[in-house]
Amino acid sequence: MAEKVRVRFAPSPTGLLHLGGARTALFNWLYARHNKGTFILRIEDTDRTRSTEEYIDAIIEGMRWLGLDWDEGPYRQTDRFSIYKSYADKLLREGKAYYCYCSPEELEKRRQEALAQGRPPKYDGRCRNLKEPVPGRVAAVRFKMPQEGETVVDDLIKGKVVFDNAQLDDLIIIRSDRTPTYNFVVVVDDVDMEITHVIRGDDHLNNTPKQIHIYRALGYRIPAFAHLPMILGPDKTRLSKRHGATSVTSYKEMGYLSDAFVNYIVRLGWAHGDQEIFTRDELIEYFSLEDVGKSAAIFNPEKLLWLNSQYIINSTAERLGELVMPFLLKQGIIKEGQILDREWLSKGIKTLKERSRALVELANSLRYYISEDIGIDPKAKEKFLNKKSLPYLIDVKEALKRLDNFVAQEIEKAFMTLVEKHNTKLGNIAQPVRVAITGKTETPGIFEVLEIVGKEKVIKRLEKAIKTIG
RNA sequence: GGUCCCAUCGUCUAGAGGCCUAGGACGUAGCCCUCUCAAGGCUAAAACACGGGUUCGAAUCCCGUUGGGACCGCCA
C-alpha cells in the first residue's frame with residue numbers, strides 16, 4: 001500500500017502572499033486533497049530581520065480567502081531552533097560539518113573578486129580542515145559537500161536532472177549568530193514532518209542536490225520532488241512589484257472571486273484537456289502532477305477577468321449580494337449599518353450579473369438602483385438630455401405616472417404606445433430615459449431598470465432631468 | 001562567468017511517432033441577436049524558434065544552434 005501523502009506549503013513571511021506562492025500552495029493543497037493526504041502550513045521565518053508578524057497574518061488571510069485549508073500548522077521555524085541545533089551538532093560530531101571562521105565581509109570580498117574574474121563564486125573550503133579554532137572569531141557552521149561524483153534529482157515534473165558535485169558549495173547551515181539557514185532547516189523540517197512530496201517553485205531546483213546531501217548525511221530518506229515552473233510577468237521576467245498587483249489580497253480587493261482566481265492560477269502550468277472552468281471538486285478529482293507542464297507561464301490579467309465574469313454569471317444573486325456588500329460600503333453607495341431589502345437587491349443583481357466582470361463593477365452599477373446620488377455622465381447628458389428628447393421625457397413621465405402596476409411588462413407596453421404615437425424607434429425614447437434614470441448610456445434593459453428603481457424615484461429623476469433641460 | 005531549467009497562435013494550453021489541413025480558451029476583427037451595454041451564437045486572422053539527424057512517417061525521439069528564465073548569500 002502506498003504511503004500516505006504529506007505535503008507542505010512553506011512561505012517565508014517577508015512579503016504578502018503573491019501569485020506564485022498562491023499557485024504553489026494551491027498545487028500542494030490539490031495534491032494532498034486528491035490523494036487524501038495531509039497538507040501542512042509551515043512559516044519559514046528563520047530570517048529574523050526580514051520576517052514580520054504582519055506578513056504571517058497576511059499570508060494566512062490569503063490562504064483563507066483562497067479556501068486552502070491546512071491540516072497541520074502553521075508551524076514556525078523560529079519555534080524549532082533547538083531541533084535544528086541538535087541536528088547540526090550531530091553533523092558536527094560526525095565530522096560532516098565544520099566551523100568556519102571567515103567573516104561575512106571577507107567572503108563577500110572573495111565572491112566579488114571571483115565574479116569579476118569570471119570564476120564561479122564558490123567557497124574555497126579554507127576552514128574545512130582547520131584543526132584549531134581561530135581566536136577572536138565567531139564561527140559559523142558549514143556543511144561538507146562531497147566534491148566528486150554526481151547527484152541525480154529525479155523530479156516528478158522535470159525528469160532526471162544531473163548535477164556535478166564539484167559545483168556544490170560547502171554551504172553555511174548555522175550562522176555565526178547561531179540561527180540556522182534555509183537549506184538546512186528545510187531538510188530538517190521536511191524530515192521531521194515526514195514530508196513525502198516536496199512541491200515548490202523551480203527556482204529551488206538548483207538547491208535540491210545540496211539538500212539531498214544533507215538528507216543523506218542525516219541518514220534520512222529523500223522525498224519525491226516536484227518543481228513547478230515559474231509564473232512570469234508580461235515582460236517575461238519573474239513576477240514582481242513592478243508588474244503591478246501581484247498579491248492575492250489585491251485581487252480580493254479588486255473584486256475577484258476566490259474560486260475564479262483559483263481557477264485561473266491552476267491553469268497556469270496545468271491543464272485537463274480542453275476544459276477551462278472547474279469546480280473545486282473537479283480540480284481535486286482531476287489534479288495530477290503528471291499534467292503539470294514544464295515551461296514558465298506568463299500571467300494574463302485579461303483571461304483572469306474573463307474567468308471572473310464567468311464565475312459572477314454562474315453565481316446566485318443571493319451569494320453575490322453578500323459578496324458585494326463590502327464593496328458597496330467602500331465605494332460609498334451604502335452607509336455603515338444601512339439595511340437593504342435582500343430580495344430587491346437580488347432582483348437588481350440579476351440584471352447586472354452578466355455585465356459585471358468584477359465585484360467593484362457590480363457595486364458601481366448597483367449605485368443607480370440603491371443611491372439617489374447618481375451623477376450624470378456629461379457626455380451622455382449632452383447627447384440625450386436635450387430639446388429633442390424633451391417631449392419624449394415628458395410623455396414617458398406622464399404615462400408612467402398613470403401606471404399603477406409598475407412592472408417591466410406594463411412599462412414596456414406604455415413605452416410601445418409612445419413609440420407608435422411619435423412614430424419613432426424605441427431607442428430614441430429609451431436612451432434619454434436611461435440617461436435620466438441611471439446617468440449612464442449602458443445599463444440593463446430599460447424596462448427592468450425602471451421597475452427596480454421604482455415608480456416614485458423614476459418620476460422624481462425624470463422630473464429632475466426635464467427641469468435641467470427646460 | 002558557471003550550473004541548471006525551458007521552447008506549439010500575442011497569452012494560457014491540447015498534443016505520449018501516423019488520429020494534425022495542429023484542437024480549445026482569453027484577447028482581437030466581422031456578422032447575428034438587440035432599447036444601450038453586456039451575455040449568448042456564428043465566422044475570421046493567428047503557432048509547432050532554427051538547423052541537422054533517427055524513421056516508411058516527427059509538433060512529438062536524439063544532437064546542435066538561437067532565444068528566454070532561474071540559481072550561484074551568514075536571503076528564502
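What you are looking at is a predicted structure, and each value in this text was computed from that prediction instead of being measured. Sequence lines set the chain letters: A, B, ... in the order given, protein chains first and strands last, and positions in each chain run from 1. Quick note: numbers below take in every heavy atom, side chains included, and nothing from hydrogens, waters or symmetry partners.
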Side chains of A:Ile374 and A:Thr438: closer than 4.5 Å at any heavy-atom pair? no
Set of side chain to side chain donor-acceptor pair (under 3.5 Å) partners for A:Tyr75, sequence neighbours left out: A:Glu72
Quote, to the nearest angstrom, the C1' distance that separates B:G64 from B:G57. 23 Å
Rounded to whole Å, how long is the line connecting atom CG of A:Asp47 with atom C1' of B:C74? 10 Å
Protein-nucleotide distance (A:Leu304, atom CG; B:G27, atom P), rounded to Å: 12 Å
Hey, what are the protein-to-nucleotides 12-21 of chain B N/O distances that come in under 3.5 Å?
residue : atom : partner  : partner atom : Å
B:C12   : OP1  : A:Ile298 : N            : 3.0
B:C12   : O2'  : A:Arg267 : O            : 2.8
B:C12   : O2   : A:Lys303 : NZ           : 3.4
B:U13   : OP1  : A:Gly269 : N            : 2.3

Output every pair passing side-chain hydrogen bond (donor to acceptor under 3.5 Å, both in side chains) with a member in residues 292-310 of chain A, not counting sequence neighbours, ordered by first then second residue. A:Glu276-A:Lys303
When both hydrogen-bonding distances must be under 3.5 Å and the geometry is Watson-Crick or G-U wobble, what is B:A45 paired with, if anything? none
B:U66 pairs with, by Watson-Crick or G-U criteria that keep both distances under 3.5 Å: B:A7
With the threshold set at under 4.0 Å for non-hydrogen atoms, list the residues of residues 73-90 of chain A touching RNA chain B in residue-number order. none
Who pairs with B:A59 - Watson-Crick or G-U, where each distance is under 3.5 Å: none
Protein-nucleotide distance (A:Ile231, atom CD1; B:A70, atom C1'), rounded to Å: 15 Å
Sort and list the pairs that fulfil salt bridge (Lys or Arg N to Asp or Glu O under 4.0 Å) and have at least one residue in residues 438-452 of chain A, not counting sequence neighbours. A:Lys347-A:Glu451
When the C1' atoms of B:U34 and B:G15 are considered, how many whole Å apart are they? 40 Å
Gap in Å between the two P atoms, one belonging to B:A59 and one to B:C48, rounded: 11 Å
Any pair counted as salt bridge (Lys or Arg N to Asp or Glu O under 4.0 Å), so long as it reaches residues 145-155 of chain A, sequence neighbours left out: A:Asp154-A:Lys160
On RNA chain B, more 5' by nearest nucleotide between A:Pro180 and A:Thr237 is A:Thr237
Would A:Arg42 and A:Phe9 count as a cation-pi pair here, with the cationic atom under 6.0 angstrom from the ring centre and within 45° of the axis? no
What's the CG-C1' distance between A:Leu307 and B:U11, to the nearest Å? 13 Å
When the distance from NZ of A:Lys109 to C1' of B:C74 is rounded to whole Å, what number comes out? 18 Å
Tell me the interatomic distance from A:Phe415, atom CZ, to B:U34, atom C1', rounded to whole angstroms. 16 Å
Intermediate values then yes/no, salt bridge (Lys or Arg N to Asp or Glu O under 4.0 Å), A:Glu106 and A:Arg111: CA-CA 9 Å; A:Glu106 286 166 354; A:Arg111 188 180 7 265; over 6 Å; no
Here the distance between atom P of B:G73 and atom CD1 of A:Ile174, to the nearest Å, is 18 Å
Considering Watson-Crick and G-U wobble pairs with both distances under 3.5 Å, what does B:U21 pair with? none
For residues 14-25 of chain A, which side-chain N or O atoms pair as donor and acceptor with protein atoms under 3.5 Å away, sequence neighbours left out?
residue : atom : partner  : partner atom : Å
A:Thr14 : OG1  : A:Ser12  : OG           : 3.3
A:His18 : ND1  : A:Gly20  : N            : 3.3
A:His18 : ND1  : A:Gly21  : N            : 3.4
A:Arg23 : NH1  : A:Leu268 : O            : 2.5
A:Arg23 : NH2  : A:Pro229 : O            : 2.2
A:Thr24 : OG1  : A:Gly20  : O            : 3.1

If you look at every strand shown and take non-hydrogen atoms under 4.0 Å, does A:Thr46 touch a base, only sugar-phosphate, or nothing? sugar-phosphate
A:Arg110: side chain to side chain donor-acceptor pair (under 3.5 Å) partners, not counting sequence neighbours: none
Expressed as a whole number of Å, how far does the C1' atom of B:C72 sit from that of B:G18? 45 Å
Can you tell me, in whole Å, how much space there is between the C1' of B:U3 and that of B:G10? 32 Å
Whole angstrom value for the distance that separates P of B:A76 from OH of A:Tyr182: 9 Å
Residues A:Asp45 and A:Arg76 bridged, charged N to O under 4.0 Å: yes
What is the nucleic acid contact for A:His227, judged by heavy atoms within less than 4.0 Å: base, sugar-phosphate only, or nothing? nothing
Side chain to side chain donor-acceptor pair (under 3.5 Å) involving A:Gln112 - partner list, sequence neighbours excluded: A:Glu108
Mind checking the CD1-CZ spacing from A:Ile174 to A:Arg178? Nearest 0.5 Å is all I need. 7.0 Å
Given B:C72, is OP1 or OP2 found less than 4.0 Å from the side-chain N or O atoms of A:Arg111? no
Suppose we screen for side chain to side chain donor-acceptor pair (under 3.5 Å). Which residues come up paired with A:Lys210, at least two apart in sequence or across chains? none
Can you tell me how far P in B:C32 sits from the matching atom in B:G69, rounded to whole Å? 45 Å
Distance-only donor-acceptor test, A:Asp203 side-chain atoms vs B:A76 base atoms, 3.5 Å: no
In the structure shown, which nucleotide is the Watson-Crick or G-U wobble counterpart of B:G40, with both distances under 3.5 Å? B:C32
Sugar-phosphate only, base, or nothing, as touched by A:Cys100 at under 4.0 Å among non-hydrogen atoms: nothing
Suppose you measure atom P in B:G17 against the same atom in B:C74; what distance do you get, rounded to whole Å? 46 Å
Verify the distance criterion only: is there a donor paired with an acceptor across the side chains of A:Thr424 and A:Asn428 at less than 3.5 Å? yes
Under 3.5 Å, which protein N or O atoms sit close to an N or O of nucleotides 1-4 of chain B? Give each pair with its distance.
residue : atom : partner  : partner atom : Å
B:G1    : O2'  : A:Gly118 : O            : 2.7
B:G2    : O2'  : A:Gln167 : OE1          : 3.3

Contact class for A:Ile429 (heavy atom, under 4.0 Å): base, sugar-phosphate, or nothing? nothing
Distance between the P atoms of B:C56 and B:G51, in whole angstroms? 23 Å
Using both distances under 3.5 Å as the test, list the Watson-Crick or G-U wobble partner of B:G1, or none. B:C72
Nucleotides 35-42 of chain B: protein proximity per nucleotide (B base, S sugar-phosphate only, - neither; heavy atom, under 4.0 Å): BBBBSS--
Carboxylate-amine/guanidinium proximity below 4.0 Å for A:Asp377 and A:Lys379: no
